[in-house]
2 protein chains.
Amino acid sequence: MELHHPERSEIELPAVLHALSDPHRLEIVRRLAENSEPRPCGSFGFDISKSTMTHHFRTLREAGVIRQERQGTSKLTELRRDDLDVMYPGLLDAVLSSKSVPA
Amino acid sequence: MELHHPERSEIELPAVLHALSDPHRLEIVRRLAENSEPRPCGSFGFDISKSTMTHHFRTLREAGVIRQERQGTSKLTELRRDDLDVMYPGLLDAVLSSKSVPA
DNA sequence: CACAAAGTTCGATAGTTATCGTACAAACAC
DNA sequence: GTGTTTGTACGATAACTATCGAACTTTGTG
């Protein structure tokens, strides 16, 4: 399947806010921000099923929050910090600077 | 009915992000920010029903984004900018500084 | 080739949400 | 009192969402 990523200019604020409003997805974004190396989806030790993880990653990707790329049998994920900082300056920093809550 | 407002320390980030992720509610918050006078709920010319407006204002209030107070037959609404700026510094500014989209 | 690893797709389900119309309540004006 | 204004409560409904398990695909490894 093709991975659809919105262009920078197509990243919509309500979609970004909605993507970040789920505790699991918020935690994913926090961890991606702490460790800026792209990392596979499976490297988050959440206690939820693989198909649910797929759903959350797709939500983040389609909102323009993350970028995903196939790499062998896994899929590397990184934060679209550059694009988000241009479109919505300060938003990601504000979200990330608040205390983390266990997912 | 009693109006429940969360304490400042009880304002949860996912709830705030969710409250702001709806285009109607985002527009309400933008207008409250532009004109800092408390204003009645009916003073937003949205083309949605009164009961839906009640729903959106309740969502914003229970998330801790707005404060509401009865004043005669109407109800005055104002942004909880002080509390939001303490709990999540920069968040509201980042959201408000992005271009407005018609609801 | 067979097998393992990492994700996706496909229902299914239970819960939430945005919307409406109608009926109701509270405060005010007359 | 009768209305008027402003908003709430109550169903109802259609759409969306978070979750799962089972089957599948793709890539790499032996």
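Side chains included, hydrogens not; waters and symmetry mates left out as well; all remaining heavy atoms used. Just so we're clear, the structure is a prediction, and the values are computed from it rather than from any experiment. In what follows, chains are A, B, ... by sequence order, proteins preceding strands, each numbered from 1.
- For the pair A/His18 and A/Gln71, both in contact range of DNA chain D, the more 5′-proximal nearest nucleotide belongs to A/His18.
- The distance between atom CD1 of B/Ile28 and atom P of C/dA18, rounded to the nearest whole Å, is 11 Å.
- Residue B/Leu3 contributes atom CG, which lies 14 Å from atom C1' of D/dT6 at whole-angstrom precision.
- Mapped onto DNA chain C by nearest heavy atom, B/Lys50 and B/His55 fall at different nucleotides, with B/His55 at the one closer to the 5' end.
- At the phosphate of C/dT8, neither OP1 nor OP2 sits under 4.0 Å from any side-chain N or O atom of A/Ser51.
- Here D/dT19 presents its C1' atom at 12 Å from CZ of A/Arg25, a figure rounded to the nearest Å.
- A/His56 places its NE2 atom 15 Å from the P atom of C/dG7, with the value rounded to the nearest Å.
- Residue A/His24 has its side chain nearest to D/dT19 when only D/dT19, D/dT8, C/dT19 are considered.
- Minimum atom distance to the side chain of A/Ile48 is reached by D/dC20, of the listed C/dC20, C/dA18, D/dC20.
- Evaluation of atom-type donor-acceptor distances gives no pair under 3.5 Å for the side chain of A/Lys75 against the base of C/dG7.
- OP1 and OP2 of C/dC28 both lie 4.0 Å or more from every side-chain N or O belonging to B/Thr73.
- C/dT17 atom C1' lies 14 Å from atom CG of B/Leu60, rounded to whole Å.
- Residue A/Thr54 places no side-chain N or O under 4.0 Å from the OP1 or OP2 atom of C/dG7.
- A/Phe57 places its CZ atom 9 Å from the P atom of C/dT8, with the value rounded to the nearest Å.
- Scanning all heavy atoms of the two residues, the minimum distance from B/Leu32 to B/Phe44 falls at CD2-CZ, 3.9 Å.
- A donor-acceptor contact shorter than 3.5 Å links the side chain of B/Thr54 to the backbone of B/Lys50.
- Atom C1' of nucleotide D/dT19 and atom CG of A/Asp47 are separated by 12 Å, given to the nearest angstrom.
- Counting to the nearest Å, the C1' atom of C/dA6 and the CZ atom of A/Phe44 are 14 Å from each other.
- The backbone N or O of B/His4 lies less than 3.5 Å from a partner atom in the side chain of B/Arg61, making a donor-acceptor pair.
- Contact annotation: A/Arg70 does not reach the phosphate of C/dA6 (side-chain N/O to OP1 or OP2, under 4.0 Å).
- Follow the hydrophobic side-chain contacts under 4.5 Å out from B/Ile66 and you never reach B/Val86; the two are in separate clusters.
- For D/dT6, the base has no donor-acceptor partner in the side chain of B/Ser74 [N/O atoms by modelled type, under 3.5 angstrom].
- A salt bridge links A/Glu27 with A/Arg31: the distance from a Lys NZ or Arg NE/NH1/NH2 to an Asp or Glu carboxylate oxygen falls below 4.0 Å.
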